[in-house]
Amino acid sequence: MTVLTLSKALNEGMRKAMEDDSKVLIMGEDVGKLGGVFRVTDGLQKDFGEDRVIDTPLAESGIIGTAIGLALRGFRPVCEIQFDGFVFPAADQIITQLAKMPMRALGAIKLPIVVRIPCGGGIGAVEHHSESPESYFIHTAGLRVVACSNPADAYSMIQQAIQSDDPVIFFEPKRRYWEKAEVDTGSTDWWAPFDQAQVVRQGSDVTLLAYGPMVKTCLEAATAAAEEGRSMEVIDLRSLNPLDTGRVFESVRKTGRAVVVHEAPVTGGFGAELAARITEQCFYHLESPVLRVGGFSTPYPPSKLEEHYLPDLDRVLDAVDRAFGY
Amino acid sequence: MTVLTLSKALNEGMRKAMEDDSKVLIMGEDVGKLGGVFRVTDGLQKDFGEDRVIDTPLAESGIIGTAIGLALRGFRPVCEIQFDGFVFPAADQIITQLAKMPMRALGAIKLPIVVRIPCGGGIGAVEHHSESPESYFIHTAGLRVVACSNPADAYSMIQQAIQSDDPVIFFEPKRRYWEKAEVDTGSTDWWAPFDQAQVVRQGSDVTLLAYGPMVKTCLEAATAAAEEGRSMEVIDLRSLNPLDTGRVFESVRKTGRAVVVHEAPVTGGFGAELAARITEQCFYHLESPVLRVGGFSTPYPPSKLEEHYLPDLDRVLDAVDRAFGY
Amino acid sequence: MTADAPPELVQLLTPEGERVEHPDYDIDLTPEEVRSLYRDLVLVRRIDLEAVALQRHGELGIWASLLGQEAAQIGSGRALTDDDMAFPTYREHGVAWCRDVDPVKLLGLFRGVNHGGWDPAEHNFHLYTIVIGSQTLHAVGYAMGIQRDGGDGATIVYFGDGASSQGDVNESFVWASVFNAPIVFFCQNNQWAISEPIEKQSRIPLYRRANGFGFPGVRVDGNDVFACLAVTRQALKNAREGQGPTLIEAFTYRMGAHTTTDDPTRYRVASELEAWKLKDPIERVKAYLFKNELADQEFFDAVDAEAEKLGADLRRRCVEMPDPTPMAMFEHVYSSEHRQLDEERTAYAGYLEGFES
Amino acid sequence: MTADAPPELVQLLTPEGERVEHPDYDIDLTPEEVRSLYRDLVLVRRIDLEAVALQRHGELGIWASLLGQEAAQIGSGRALTDDDMAFPTYREHGVAWCRDVDPVKLLGLFRGVNHGGWDPAEHNFHLYTIVIGSQTLHAVGYAMGIQRDGGDGATIVYFGDGASSQGDVNESFVWASVFNAPIVFFCQNNQWAISEPIEKQSRIPLYRRANGFGFPGVRVDGNDVFACLAVTRQALKNAREGQGPTLIEAFTYRMGAHTTTDDPTRYRVASELEAWKLKDPIERVKAYLFKNELADQEFFDAVDAEAEKLGADLRRRCVEMPDPTPMAMFEHVYSSEHRQLDEERTAYAGYLEGFES
Ligand SMILES: Cc1ncc(C[n+]2csc(CCOP(=O)(O)OP(=O)(O)O)c2C)c(N)n1
Ligand SMILES: Cc1ncc(C[n+]2csc(CCOP(=O)(O)OP(=O)(O)O)c2C)c(N)n1
Ligand SMILES: [Mg+2]
Ligand SMILES: [Mg+2]
């Protein structure tokens with residue numbers, strides 16, 4: 001057992017993957033000497049060299065496009081997009097190529113590429129540095145989309161993502177990078193498959209569904225609610241596509257109520273998909289509609305307003321109250 | 001009254017807008033001499049000149065990016081993206097610039113730009129020529145997203161889109177381009193605001209919600225169902241963002257059941273948003289969950305399979321049956 | 001580009017079938033090799049014509065003809081060694097031929113039975129790419145892979161004059177230059193991007209774009225199979241030897257429509273086509289073979305007969321191509337289990353069964 | 001580029017403050033004008049230093065310092081006429097100064113009270129753009145607008161060495177060239193893109209990129225305010241006169257960190273900075289003024305005092321900058337009614353009221 005921050009856990013996970021498989025490459029802007037603006041790739045270029053940890057030209061389409069070529073040649077690139085808001089220049093390569101090429105090739109091509117995206121707000125940053133673009137990728141067939149929320153998951157999930165033969169969009173909750181927890185780096189026995197959800201707190205009255213940065217927020221909300229006698233179950237979805245509907249439905253059937261929490265705008269966000277699926281499959285168990293708490297239907301605001309934009313404990317509890325109001 | 005195809009109605013609408021306002025420009029690949037691959041801009045360059053109908057270099061990011069610059073200078077560009085699947089190279093300019101710049105400028109900037117996208121399948125085309133990318137834009141605050149389904153709407157909606165001071169993503173159902181109907185080009189009295197939904201067929205048992213190419217499919221389903229004694233109300237949403245929730249909720253509260261139909265993949269598609277909103281607002285009126293009929297969670301298949309991929313009358317009726325099974 | 005620049009257009013065989021010299025490029029071909037090139041040119045034109053006919057008969061949804069670009073494709077394609085990897089657009093039927101891709105496999109995409117019908121690794125010929133320019137980045141990445149695994153080959157990537165405007169293509173130039181990647185950029189400037197003439201993409205010859213990125217560019221007569229072969233061979237050799245990228249602009253002409261759904265009479269004048277017919281890539285090789293008595297009528301007849309047979313064979317096999325089963329839609333989207341997709345598959349299978357009963 | 005090419009780097013004032021000649025560019029400045037440039041340089045450096053300090057004191061979330069790039073920005077900025085339009089990145093505080101944007105307005109974005117605090121049309125100075133390269137296309141579009149409405153101005157767009165790799169920037173070169181747009185591309189090659197040295201973006205000098213697109217490129221000493229002014233003035237004049245685009249590469253150095261959150265000691269050696277300190281853009285103008293007795297100590301003291309006052313004033317006004325109200329979040333997203341957003345606004349207002357009671 002070692003105590004690791006989330007960012008260090010990712011770093012250790014990538015290091016392990018690189019040691020185990022010489023085809024694993026790291027590429028992106030500033031990932032080499034600097035170790036990334038969040039230091040997630042710190043020290044890797046020093047130890048694995050410039051051929052395996054590649055400081056790329058400043059162009060996201062180029063990063064993903066060349067990663068595809070490297071994958072076609074048998075490599076397993078792990079690409080870093082420096083901030084959430086800068087993934088869009090790569091949207092075409094991700095959506096029309098990365099996601100679709102394996103099917104285009106009738107399986108003759110595999111693209112084991114991980115696209116790491118530090119995401120979400122809460123760090124007082126300027127525009128484009130606090131977004132949550134997961135919905136764009138969840139809607140894109142051919143991609144697996146996951147989000148880690150804590151150091152242990154960060155460590156195991158990044159390795160599973162790298163091992164996956166499918167392209168994986170890997171979201172990292174940037175405001176949780178510095179949170180610490182014990183991680184057992186000596187064994188894999190405790191690993192849960194990276195497409196499985198986890199019940200991170202048991203409860204009976206309502207199910208909170210979250211991923212990435214909002215898991216902690218929901219856990220805090222559950223603690224606060226417990227004091228007032230309301231029992232909340234919190235599920236860390238971990239995988240957004242595919243979705244571990246089994247665990248979600250089981251929980252909602254038990255509690256009869258669900259609230260989805262994410263930072264992305266509610267309109268067309270992932271919460272809508274969850275709500276629609278839950279309603280379809282748990283219709284007779286629902287005592288209230290699935291409610292959604294998320295960013296507003298506005299661009300991410302200047303950071304002085306982000307505490308208003310981002311769901312927090314109060315807004316989660318407010319939604320739960322509303323759910324009980326039905 | 002004139003009988004116009006949908007594509008000609010768009011053409012006439014743009015012509016009118018260009019006559020009325022010398023700041024209106026057309027730009028895109030092959031929009032000039034050729035008049036567009038679907039001839040939607042046919043004859044406009046001949047009549048308005050190369051400065052107002054601009055054949056651009058082959059680069060979608062360039063089209064939207066320069067359109068933004070032209071709008072900053074006071075023009076009102078109408079950009080054509082040649083096919084749905086080619087909008088992604090422009091994703092960054094649309095999502096990080098077009099959608100967000102007005103708010104960035106605290107209102108000092110308006111970007112009256114229309115992005116026309118022929119969308120959807122059913123024409124036997126090769127990859128990337130049959131997609132329905134609306135969900136990506138509905139989730140992007142700052143954009144208005146609309147879809148026309150018939151010649152009259154095409155004519156009035158394109159003009160309203162051009163008049164709008166906000167950026168509008170304008171979806172055109174390419175397989176309906178050649179459908180004809182009467183259009184009153186002599187008056188604007190009949191125009192409905194382009195952000196309003198329309199009840200295109202009244203019914204009492206279930207509400208079908210559709211837009212663009214699927215409106216016709218739903219109308220056909222309703223006709224077929226009527227013969228079997230089931231009364232379906234069909235709503236043409238027309239505007240996807242904003243959504244005319246008033247009309248939608250009213251209908252669903254009346255019928256108690258709703259089925260959303262679109263060509264885009266169901267996962268993370270617009271149907272999810274509709275289902276989530278309807279459930280939240282009409283919870284006690286719903287006799288079954290809102291069901292979704294759409295594309296599968298796969299890349300758009302080769303055209304020999306598109307009849308399986310695309311919702312058709314049978315799949316709509318099947319979903320309605322399932323709704324009645326609750 | 002420099003004071004003592006070579007003639008702008010590398011040409012080794014004139015439209016009249018005369019061999020000419022070029023200071024920087026030359027090629028020594030045996031009669032056998034020239035006849036073989038001629039045969040390739042004729043056969044791929046035949047494949048192409050057949051595909052156009054198949055589209056007219058409703059057997060293909062669409063077809064992108066290579067008519068007029070045979071020399072550019074066969075010349076460059078024949079320059080490739082087994083180790084080299086090629087990344088095509090949607091029009092490189094001639095290159096596919098050189099990479100031993102069964103022509104019928106090219107038809108799948110255009111017939112709508114698949115999105116790409118061959119195994120790229122088997123032929124070192126990537127799938128067709130429709131989104132303009134995307135493949136240039138894939139090719140550079142692949143070339144970077146060769147650098148990293150110490151492979152022997154180089155990479156070649158095809159794109160059009162229109163594609164030169166795309167951000168991706170220019171990013172691929174940046175990458176290739178910065179990493180000194182073993183890659184040849186082969187731009188077929190057929191002077192049209194659908195209805196847009198080359199002037200809408202560039203106001204200077206495209207080969208010069210490379211200089212702006214710090215690597216050499218060369219313009220070759222794209223209707224001259226000798227020159228295309230020589231120039232590509234040299235560029236590939238340079239790439240393999242660690243000298244990095246080259247941009248080749250093959251100056252040619254799209255003699256047909258953009259695709260079978262296009263009507264070029266709307267945007268270009270007939271005289272242009274007439275002028276280019278005189279530069280036909282096949283005729284000049286034929287003239288050369290004739291003049292130099294390297295082939296007799298028997299040879300030409302044999303090639304024509306072979307082409308006829310190939311065409312007929314292609315027609316038959318196209319028509320026989322089986323439709324995919326509906327459930328194929330769900331295959332290969334992911335390499336392993338995916339819950340929601342599996343549920344959709346099961347549900348749709350059940351739905352289809354409902355119709356059978 | 002050609003046999004009789006001018007010296008690669010246009011310089012009119014050496015680091016030692018000596019005036020030198022250049023065959024293609026010269027400039028005639030009155031003593032008054034030189035003093036005014038000096039004043040600009042000092043004042044924008046002071047603004048910048050103050051902003052850095054404000055960030056250290058927690059008053060700004062982040063700041064992107066222009067330290068070392070004052071001459072490039074003041075030189076180019078002073079070349080602009082009222083009719084010209086400028087499109088900046090996030091570092092053009094010096095250009096903003098030339099466009100009469102109140103410095104405190106620049107701070108809003110970095111303080112997190114807004115995403116851009118001025119009216120672009122009022123100053124002919126567009127908002128800061130953070131997504132690298134995007135603004136180059138906006139600028140070309142704007143220049144195309146000038147062509148279409150017959151306006152008098154030209155357009156200038158700023159971007160960095162790193163940005164030169166972005167697809168958008170290269171597409172903007174294509175557009176500008178094809179439409180012969182009245183635009184000047186002003187690339188400040190400060191030799192670093194965060195931690196990446198220029199070699200990761202290009203293996204040849206960036207100004208040569210333009211030649212690949214068919215328009216002229218010129219490299220200017222970016223720490224020489226005279227040269228930056230002369231070269232930009234000429235390029236803008238050419239643009240206005242219908243001669244199309246020019247790429248100016250201002251060869252300079254980012255003397256500070258990328259932003260206040262960056263730590264350059266992780267990736268670059270101290271000696272590099274020391275070498276560049278000798279090329280300081282301000283010192284050489286001071287030396288020139290001194291040597292030629294164009295200014296006395298009184299003048300320099302007065303400028304310093306003005307700078308102090310400006311700094312203090314900026315500090316005060318920054319701290320006083322009001323926070324936006326929560327409801328500001330919902331403003332200006334759309335220009336008119338939007339049902340769902342209006343509902344969200346109302347609901348959130350109600351929610352907030354709940355806390356008050
Ligand atoms: C990103 C993108 N935009 C638009 C298209 C539509 N399109 C297909 S081919 C073509 C013209 C391509 O011209 P060029 O690159 O010269 O190649 P050519 O067809 O002449 O071989 C266009 C605009 C596309 N396939 N991809
Ligand atoms: C599309 C995009 N990708 C990444 C970033 C993160 N980023 C901000 S500044 C920067 C380096 C820019 O370097 P350069 O263009 O040389 O400008 P400089 O900062 O040196 O002025 C990077 C990578 C961004 N802002 N936008
Ligand atoms: Mg072409
Ligand atoms: Mg820089």
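Just so it is clear: chains get the letters A, B, ... in the order the sequence lines come, proteins before strands, and each one is counted from 1.
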- [ ] Inspect the surroundings of CD in B/Glu280 and state if more than 12 heavy atoms from other residues, nucleotides or ligands are less than 6.0 Å away.
- [x] yes
Task: Among the listed options A/Thr96, A/Ile138, A/Val87, the residue most often paired with chain B at heavy-atom distances under 4.5 Å - done: A/Thr96
Open item on the list: Side chains of A/Phe88 and B/Ile94, heavy atoms from C-beta outward: is any pair under 4.5 Å?
Closed with: no
Task: Flag side-chain contact, heavy atom, 4.5 Å: B/Phe86 against A/Asp92 - done: no
- [ ] May I ask you to name which of B/Thr140, B/Val290, B/Leu240, B/Leu243 has the most heavy-atom pairs under 4.5 Å with chain A?
- [x] B/Thr140
Open item on the list: Can you tell me which portion of B/Ser61 sits under 4.5 Å from chain A's heavy atoms? Options are side chain, backbone, both or neither.
Closed with: neither
Task: Most contacts with chain A, counted as non-hydrogen pairs under 4.5 angstrom, among B/Gly142, B/Pro265, B/Ala91, B/Pro133 - done: B/Pro265
TODO: Can you establish whether the number of heavy atoms outside B/Glu250 located under 6.0 Å from its atom CD is more than 12?
DONE: no
Open item on the list: Given heavy-atom pairs under 4.5 angstrom as the criterion, report whether the side chain, backbone, both or neither of A/Ile278 touches chain B.
Closed with: neither
Task: Shortest non-hydrogen contact from A/Arg277 toward B/Thr267 - done: NH2-OG1, 3.3 Å
Open item on the list: As an exercise: rank A/Ala99, A/Gly295, A/Gly85, A/Ala141 by heavy-atom pairs under 4.5 Å with chain B and give me the winner.
Closed with: A/Ala141
- [ ] Among A/Pro299, A/Ala275, A/Ala264, A/Ser297, single out the residue with the greatest number of heavy-atom pairs under 4.5 Å to chain B.
- [x] A/Pro299
Open item on the list: Does this structure show an ion pair linking B/Lys100 with A/Glu127, if we count only N-O contacts that are shorter than 4.0 Å?
Closed with: no
Task: Under 4.5 Å from any heavy atom of chain A - which part of B/Leu274 - done: neither
- [ ] Dump the intermediate steps for side-chain hydrogen bond (donor to acceptor under 3.5 Å, both in side chains) on B/Tyr136 and A/Ser135, then the final yes or no.
- [x] CA-CA 8 Å; B/Tyr136 300 96; A/Ser135 312; over 6 Å; no
TODO: Pick one of side chain, backbone, both or neither for A/Glu134, based on which atoms fall under 4.5 Å of a heavy atom in chain B.
DONE: neither
Open item on the list: Looking only at heavy atoms and a cut-off of under 4.5 Å, which of B/Arg292, B/His128, B/Gln281 has the most pairs with chain A?
Closed with: B/Arg292
Open item on the list: Which heavy atom of B/Val266 sits nearest to which heavy atom of A/Glu273, and what is that distance?
Closed with: O-OE1, 3.4 Å
Task: Contact summary for A/Ala276 and B/Ala272, nearest pair of heavy atoms - done: CB-CA, 4.1 Å
Open item on the list: Would you call the rings of A/Tyr326 and B/Tyr284 parallel, tilted or perpendicular, taking 30° and 60° as the class edges?
Closed with: tilted
TODO: Could you tell me which portion of B/Glu131 (side chain, backbone, both or neither) has an atom closer than 4.5 angstrom to a non-hydrogen atom of chain A?
DONE: side chain
